[in-house]
Amino acid sequence: MMTNKTKQKRIRIIWLCVTVIVLLPLLFVISFFAYSRSDALTKQIDYSKLSDEGALYEFYDLADNALPLTNAAYTEFDKLPHSLIDAFISIEDKRYFTHNGFSLTAIARATLNNLKRGGLYEGGSTITQQLVKNVYLSSEKTFKRKLKELAYAVNLEKNLSKPQIMEYYLNCIYFGGGAYGVGNAASRYFDKSVAKLTLDECALLAGLVKAPSSYAPTTDIERCIGRRNTVLREMLSESYITQEQFQTAVEVEYDFDFAQKTPNRIYTDTAAEAAYSILSEKRSTLGEYKVFTYFDSEAQRALCEAVSSIMTDEYSTIALSVANSDGGIRGMYARCRANPLTVRRMIGSTAKPIAVYAPLIEENHITQLTPFEDEPVTIGGYSPKNYNDAYYGTVTAKKALSLSLNSVAVRALNQLTPQIAGEYLTRNGIPLTKSDNSLALALGGLTEGVTPVELTQAYSTFARGGTFLPSSFIRSIYTKSGICVYKNNAAAKRVFSEDTSYILTDMLADAVRNGTAKQLKANFDVAGKTGTVGAASDGNTDAIFVSYTSESTSCFWCFAEDRIMSNSITGGTLPVRMASVFYNTLYEKHTPSNFIKPDSVLSVCVDKVELMENLRLFEVDPLDSNAILGLFRAANRPKKQKTLPSTNDTKTDPSNDIRQTPPHEKNKDEENGEDNNDNENDKKEEAQPKKPFRERLKDFFGY
């Protein structure tokens, strides 16, 4: 009787035989085609493309003025370090100096793997083939393109020397971070010339080309170093380096810091990375491009002034400004090691407007004046807390957002459901995972975090009246010959109604006037939200302030990359102060217009006593002593009552007046360390007594 082990062995032998039968004719056809077609291509190949100094960009600002950008000089073969050549041969093409343009062994191995996986995933490319693909062909994975690539490679090998091919290759390939060519990569990552690269740096650069966006040190330093060490092990295995050299190189650590660059270079480097992504998606071949950006020198100057005047080098900072009109990123400043375009971090209470309050208003579940009970809450084992367990009794939704009350946000999200909140977040450009479907969403507890660009563009949706528009560095890209290869024609998509956006904006403006962001001083309309991430006992990791005017949306994000920040640094302190400097600098010569209330939003005065004591929305005359003003969607306005119940004998507790100056305390939940109010110097007020609330709220509002 045949055992399972014997069966498996026989299956493997049969599979191997079938594969060999398929591969041998295929390899013969490939070889014949490559050599027979290579001579015919001699007159078709434009060899002048090889001498181009990589994919060089010319950058232009919003006014089409050229931005200064120094591209590294073309590096000739005799100026390339031996360690660099050895590193690339070890990891990319071990038989480089012996093959004739392609490797049948590599193709056979790639074909076998593709057959096993049922698709075209590997190409078995040599360095010569990679040069051909970068300069002459697109990156699409088709058999026809692969055959053409082989023929080109054989032709190059017949007409060029190995040193020439290596020279052209290293001067054109992409190294991530917007850097084409080894000269730009050496400058981009190590601030030095190619000739001065050390062994470990050569190995790091050689490791990038497999997946530049994934292995770039500014994207994932640990993954980058792991890949570097793989290259070093291959160099050791091929006897290019000794065991001692290997051990020394793998112990080298790096400090990649965007703060070492000039502000304009930070923007252009980041824009170059965005341009590469665009060109890769369009499978554009290598060339020289004119890149027209949204860069605005005044916005950039204001960002730099804001960060440099408030922040020290102790903590990392990312700041950016986005125009509401077109989503263009007008300026970006980064003082950090992380890549400001791709870094993902927790967002704390900045999640509350976009995940909780705006969706609730849009779904007609709440109004600005909907009362909530700020008291300890536990739902499904989740028990977020306010700082010092301080709670304020019955508060309106507007006041709860202004003070960033955690218990109210979680209670409100439970009414909405995390699933519905997630749908709004996704439509608003915030990526989520399945594990994000929880009440922690109300306090910014996202599994993978959010980038500064994603958070800023989500808030610009409100400034734009409820339509989402992706933020971008790039307006258009042209070749030097004037051919347009990309134009930003992103269409705005409706996420929230215009009335919801204005009502939410009014609530966030109150947070600037009276709440957690009141340190911002401006003589024009500004709406914004603070956020703090951390643990009350251990310190904070992130402090954020996102805000907008009628013209632009800005984000100031302070974070600790290798240490914990002081508890005194919250979203309402340093980020708000930077925003204050930014707006005052940006609007030195003009001020933005005020937010315009749409006709679909009604300003209605309701009786304060009836609202806070009996949870009844009764319209009253604005001159009534108990009148309190709120904004309502026309479809969700309060009921009119001609004859109100007598309230002359009702004693109003002044603590229930939502117009009063609130207690200024910092309030954090256990998971995200979220701030409720960041001015710790103000006198704290005692929490209000609890009231029988849930049943009355359910009866009145119907949920």
Side-chain angles (χ1 to χ4, degrees), residues 47-56 70-101 103 125-136 153 156-157 159-210 212 215-217 224 227-242 245-246 248-250 252 254 286 288:
Y47 284 90
S48 65
K49 285 188 175 183
L50 295 170
S51 60
D52 287 344
E53 299 179 8
L56 303 186
T70 303
N71 284 289
Y74 184 91
T75 307
E76 297 178 349
F77 183 82
D78 58 0
K79 298 294 194 314
L80 297 170
H82 290 296
S83 294
L84 184 68
I85 298 171
D86 294 342
F88 271 91
I89 290 175
S90 297
I91 197 67
E92 290 293 321
D93 191 356
K94 290 182 174 61
R95 296 185 61 250
Y96 174 70
F97 284 108
T98 59
H99 65 62
N100 294 316
S103 169
S125 295
T126 63
I127 283 177
T128 311
Q129 288 173 261
Q130 292 180 46
L131 174 62
V132 168
K133 183 175 66 175
N134 276 277
V135 176
Y136 297 108
L156 291 187
E157 291 278 350
N159 291 279
L160 300 173
S161 67
K162 290 289 186 179
Q164 284 179 305
I165 292 173
M166 179 64 75
E167 176 184 310
Y168 292 141
Y169 170 73
L170 290 176
N171 278 281
C172 80
I173 54 175
Y174 184 63
F175 288 88
Y180 278 98
V182 68
N184 287 319
S187 175
R188 171 74 170 82
Y189 296 121
F190 304 112
D191 196 26
K192 61 173 63 173
S193 66
V194 178
K196 294 182 179 180
L197 290 172
T198 61
L199 169 61
D200 63 279
E201 293 167 346
C202 290
L204 187 149
L205 294 181
L208 296 181
V209 297
K210 180 181 180 181
Y215 288 122
C224 174
R227 176 66 177 167
R228 177 204 67 181
N229 293 345
T230 297
V231 176
L232 289 169
R233 278 190 291 272
E234 291 296 320
M235 294 180 73
L236 178 63
S237 175
E238 296 294 314
S239 300
Y240 285 116
I241 59 175
T242 65
Q245 288 175 309
F246 170 81
T248 301
V250 296
V252 176
Y254 307 99
L286 187 68
E288 296 182 322

For this session: State the CD-CD1 distance between Q130 and I173, to the nearest 0.5 angstrom.
Result: 7.0 Å
Exercise. Does the side chain of Y168 come within less than 4.5 Å of V135's, by heavy atoms?
Worked result: no
Exercise. Do R233 and F246 have side-chain heavy atoms sitting under 4.5 Å apart?
Worked result: yes
Problem set entry | Validation row: L131, I165 side chains within 4.5 angstrom (heavy atoms) | yes
Exercise. So, for R228 and V250, which heavy atoms are closest and what is the spacing to 0.1 Å?
Worked result: NH2-O, 2.9 Å
For this session: Could you tell me the separation between the CD1 atom of I89 and the NZ atom of K162, rounded to the nearest 0.5 Å?
Result: 9.0 Å
Exercise. What is the minimum heavy-atom distance between I241 and L236, and which atoms define it?
Worked result: O-CD1, 3.4 Å
Problem set entry | Distance, nearest 0.5 Å, that separates NE2 of H82 from SG of C202 | 11.0 Å
For this session: Begin with the C-alpha distance, continue with both residues' side-chain angles, and end with the deciding distance and a verdict on ring-ring contact (aromatic ring centres under 6.0 Å, His included) for F88 and Y169.
Result: CA-CA 10 Å; F88 271 91; Y169 170 73; 5.8 Å; yes
Seminar exercise, completed: One should read off an interatomic distance between N229 CG and M235 CE, to the nearest 0.5 angstrom, of 12.5 Å
Exercise. Looking only at heavy atoms, what is the nearest atom pair of T75 and E167, with distance?
Worked result: O-CG, 3.7 Å
For this session: Decide yes or no for N184 and F175: does some side-chain heavy atom of the first lie under 4.5 Å from some side-chain heavy atom of the second?
Result: no
Exercise. Tell me, do D93 and Q129 make a side-chain contact under 4.5 Å, heavy atoms counted?
Worked result: no
Problem set entry | Contacts of E234 that satisfy salt bridge (Lys or Arg N to Asp or Glu O under 4.0 Å) - sequence neighbours left out | K94
For this session: Report yes if the side chains of Y174 and N134 come closer than 4.5 Å at any heavy-atom pair, otherwise no.
Result: no
For this session: Taking all heavy atoms of G207 and all of Y215, pick out the closest pair and write down the distance.
Result: O-CD1, 3.8 Å
Exercise. Can you check whether L232 reaches L199 side chain to side chain, under 4.5 Å on heavy atoms?
Worked result: yes
Seminar exercise, completed: One should read off an interatomic distance between S161 OG and F77 CZ, to the nearest 0.5 angstrom, of 8.0 Å
Exercise. What heavy-atom pair brings A206 and V231 nearest, and what distance separates the two atoms?
Worked result: CB-CG1, 4.2 Å
Problem set entry | Partners meeting side chain to side chain donor-acceptor pair (under 3.5 Å) with E201 (sequence neighbours left out) | K192, T198
Exercise. Quick one: CG on L80 to CG on N171, what's the gap to the nearest 0.5 Å?
Worked result: 7.0 Å
Problem set entry | S90 and E238: side chain donor to acceptor below 3.5 Å | no
Exercise. Going by distance alone, is a donor N or O of one side chain under 3.5 Å from an acceptor N or O of the other, for Y254 and D200?
Worked result: yes
Exercise. Can you check whether L204's main-chain N or O pairs, donor with acceptor, with R227's side chain at less than 3.5 Å?
Worked result: no
Exercise. Does some side-chain heavy atom of V194 sit less than 4.5 Å from a side-chain heavy atom of K79?
Worked result: no
Exercise. Taking all atoms of both residues into account, what is the closest heavy-atom pair of A153 and T128, and its distance?
Worked result: O-CG2, 3.7 Å
